[in-house]
Undergrad: 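First the structure, then my questions, so here it is.
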There are 2 protein chains.
Amino acid sequence: MTDALHPLDAAVTFSPAADGALAGRTSPAYWNMVGPFGGVTAAQLLKAAIDHPARIGEPVAQTVNFCAPIAEGDFSIRVKEVRSGRSVQHLYAELVQGETIAANATMVFARRSETWRHHASAMPEAPPPEAVPVLGRKPPLAWLDAYEFRYVTGLPVMGNQAHATPQSAKSLIWVADQPPRPLDHVSLAALCDIFIVRVFQVRGLRTPAATVSMTSYFHADAAELAEQGTRPVLAKADSVRFGDQFHDQQAELWSAAGKLLATTSQVVWFRE
Amino acid sequence: MTDALHPLDAAVTFSPAADGALAGRTSPAYWNMVGPFGGVTAAQLLKAAIDHPARIGEPVAQTVNFCAPIAEGDFSIRVKEVRSGRSVQHLYAELVQGETIAANATMVFARRSETWRHHASAMPEAPPPEAVPVLGRKPPLAWLDAYEFRYVTGLPVMGNQAHATPQSAKSLIWVADQPPRPLDHVSLAALCDIFIVRVFQVRGLRTPAATVSMTSYFHADAAELAEQGTRPVLAKADSVRFGDQFHDQQAELWSAAGKLLATTSQVVWFRE
């Protein structure tokens, strides 16, 4: 690693470990409350799969399960080839610290080829990013400084006082890596987790909470992501049902050119 | 198995196999075009996890990857305990035929306890199921006879002629097991896959297509599902982007009492 490396690229730089595993280390630039930002873990698992010698094609789907807190320090990622067809491949990965599987992931890769194309709905309406102020006041978490947020709606809750009535679960945000970094599947996988926990926003209270499982589908190939460059993506999130310690979240990430880059969902654990 | 067993219960009945695996068999009642209906595979993987001796609590999340065609006949399911916390547990399962991992799944179980509750949006508007005719004319696939469909909108495409312009990707359906069966997590996991491939509906053409990966989040506990009984659930699906061999699908399943029972998404492979 050199000083010139973007923090995300540093976070997904591995060295060979025993039995074909990859050795990595948690990134201070993406630290959250009590462990890494989930998005960087997703990016690390995706990059480990991309680095697998048998990998074919480009990422299509990823499910990451956050099984245990990831401690600051070293980890290893083991990637298993589950099944490789002619054009579609399934991989499984585990991120391990000591005896603990702290995260696992299933991933689908494919050699995509051109077919019929259609966008059934348009990009959400939003003013251009230049017209939306950059979020200045943020909760003091390192990973929030790894992104530039321009909230169109659904600003993060800063206080810790229950709203009189539940607020909307929706947020619409222009977001980009900070420092700027050209978009690729690794950064897109991380961006799928940039929504601050919906239950905080809806309720006004910040109780303990954590993503338990996150699924992302990638609809753009590497060439289309490269066209996006460092411009912000438009990120939209919503949730429906909160209760008995869990809630859902559905989200979409759109390119500056108005194309759906990723759909992503997660189930979030919360207390009280 | 006895004649009295519901076809879904027969499909998820296993016998012990070597090394703690479970031996099962594909179900003719849930046969699709060239393999089983994906929903019954999801139900089998979930039931195998429920049957695991170390399993705690109730299902919260499941991601199923359809890695290879499942051939008619025997299979075995191996379930691995990935990580068990005090109240949340992660399991991983593989469905194997011979040397082939034909499907795999990650699953989250939890001992849920009461927290703050909120429904951020209401059930989609629909006439009551009694007011919607049962779908009579269906493509000739066994699994379609394992459900009673009442389409509110977005009827399945029966012909094979491209629409002049793409049609809506949305469907809204009252659906129930046929023969009737009280709802539980196993049948809910299967119901998450009851939407006929969106690209057929949007395009009018039925080209080869298959679900590659499906994720379902279960928002109701066993007691709430039991209250639903055998009444139809309201199932809503939509897709946004089609192209380069894949499209997304997002869906929700609602109880007769107006509660969100499950959110589910999938990525679908298609040709041409």
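Numbered from 1 within each chain, the chains take letters A, B, ... in sequence-line order. Because the structure is a prediction, the values reported are computed rather than measured.
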Undergrad: Among A/Ser84, A/Pro166, A/Ser213, single out the residue with the greatest number of heavy-atom pairs under 4.5 Å to chain B.
TA: A/Pro166
Undergrad: Ion pair present between A/Glu114 and B/Arg271, side-chain N to carboxylate O less than 4.0 angstrom?
TA: no
Undergrad: Heavy-atom pairs under 4.5 Å with chain A - which of B/Trp116, B/Phe270, B/Phe246, B/Trp269 has more of them than the others?
TA: B/Trp116
Undergrad: Looking at A/Thr215, A/Ile101, A/Val240, which one has more heavy-atom pairs under 4.5 Å with chain B than the rest?
TA: A/Val240
Undergrad: With a 4.5 angstrom heavy-atom cut-off, which part of A/Asp248 approaches chain B: side chain, backbone, both or neither?
TA: both
Undergrad: Report the option among A/His219, A/Gln266, A/Arg203, A/Lys170 that has the most heavy-atom pairs separated by less than 4.5 Å from atoms of chain B.
TA: A/Arg203
Undergrad: For B/Thr63 and A/Thr63, indicate whether the former's side chain and the latter's backbone hold a donor-acceptor pair under 3.5 Å.
TA: no
Undergrad: Between A/Ser113, A/Ser87, A/Gly243, A/Ala110, which has the largest tally of heavy atom pairs under 4.5 Å with chain B?
TA: A/Ser113
Undergrad: Counting N and O atoms only, with roles assigned by atom type, does the side chain of B/Tyr217 sit under 3.5 Å from a partner on the main chain of A/His247, one being a donor and the other an acceptor?
TA: no
Undergrad: Taking every non-hydrogen pair under 4.5 Å, which of B/Gln167, B/Arg83, B/Arg241 racks up the most with chain A?
TA: B/Arg241
Undergrad: Measuring heavy-atom distances to chain B, does A/Val108 have an atom under 4.5 Å in its side chain, in its backbone, in both, or in neither?
TA: side chain
Undergrad: Using non-hydrogen atoms only, which part of A/Glu224 is less than 4.5 Å away from chain B: side chain, backbone, both, or neither?
TA: side chain
Undergrad: Charged N to carboxylate O below 4.0 Å: is that the case for B/Lys80 and A/Glu94?
TA: yes
Undergrad: As an exercise: rank B/Ala169, B/Ala68, B/Ala61 by heavy-atom pairs under 4.5 Å with chain A and give me the winner.
TA: B/Ala68
Undergrad: Could you check whether B/Asn65 and A/Thr106, counting side-chain N and O atoms only, form a donor-acceptor pair closer than 3.5 Å?
TA: yes
Undergrad: Looking only at heavy atoms and a cut-off of under 4.5 Å, which of B/Cys67, B/Ala120, B/Ala105 has the most pairs with chain A?
TA: B/Cys67
Undergrad: B/Trp254: what forms a ring pair (Phe, Tyr, Trp, His ring centres under 6.0 Å) with it, not counting sequence neighbours?
TA: B/His119
Undergrad: Please state whether the rings of B/Phe242 and A/His118 are parallel, tilted or perpendicular, taking 30° and 60° as the class boundaries.
TA: tilted
Undergrad: Under 4.0 Å between a side-chain nitrogen and a carboxylate oxygen: does that hold for B/Glu272 and A/Arg117?
TA: no
Undergrad: Below 4.5 Å, heavy-atom pairs only: which of B/Gln245, B/Glu252, B/Gln250, B/Gln89 has the largest tally toward chain A?
TA: B/Gln245
Undergrad: Using side-chain contact (heavy atoms from CB on, under 4.5 Å), reason through B/His90 and A/Val212 one step at a time and then give a plain yes or no.
TA: CA-CA 9 Å; B/His90 292 266; A/Val212 169; 3.8 Å; yes
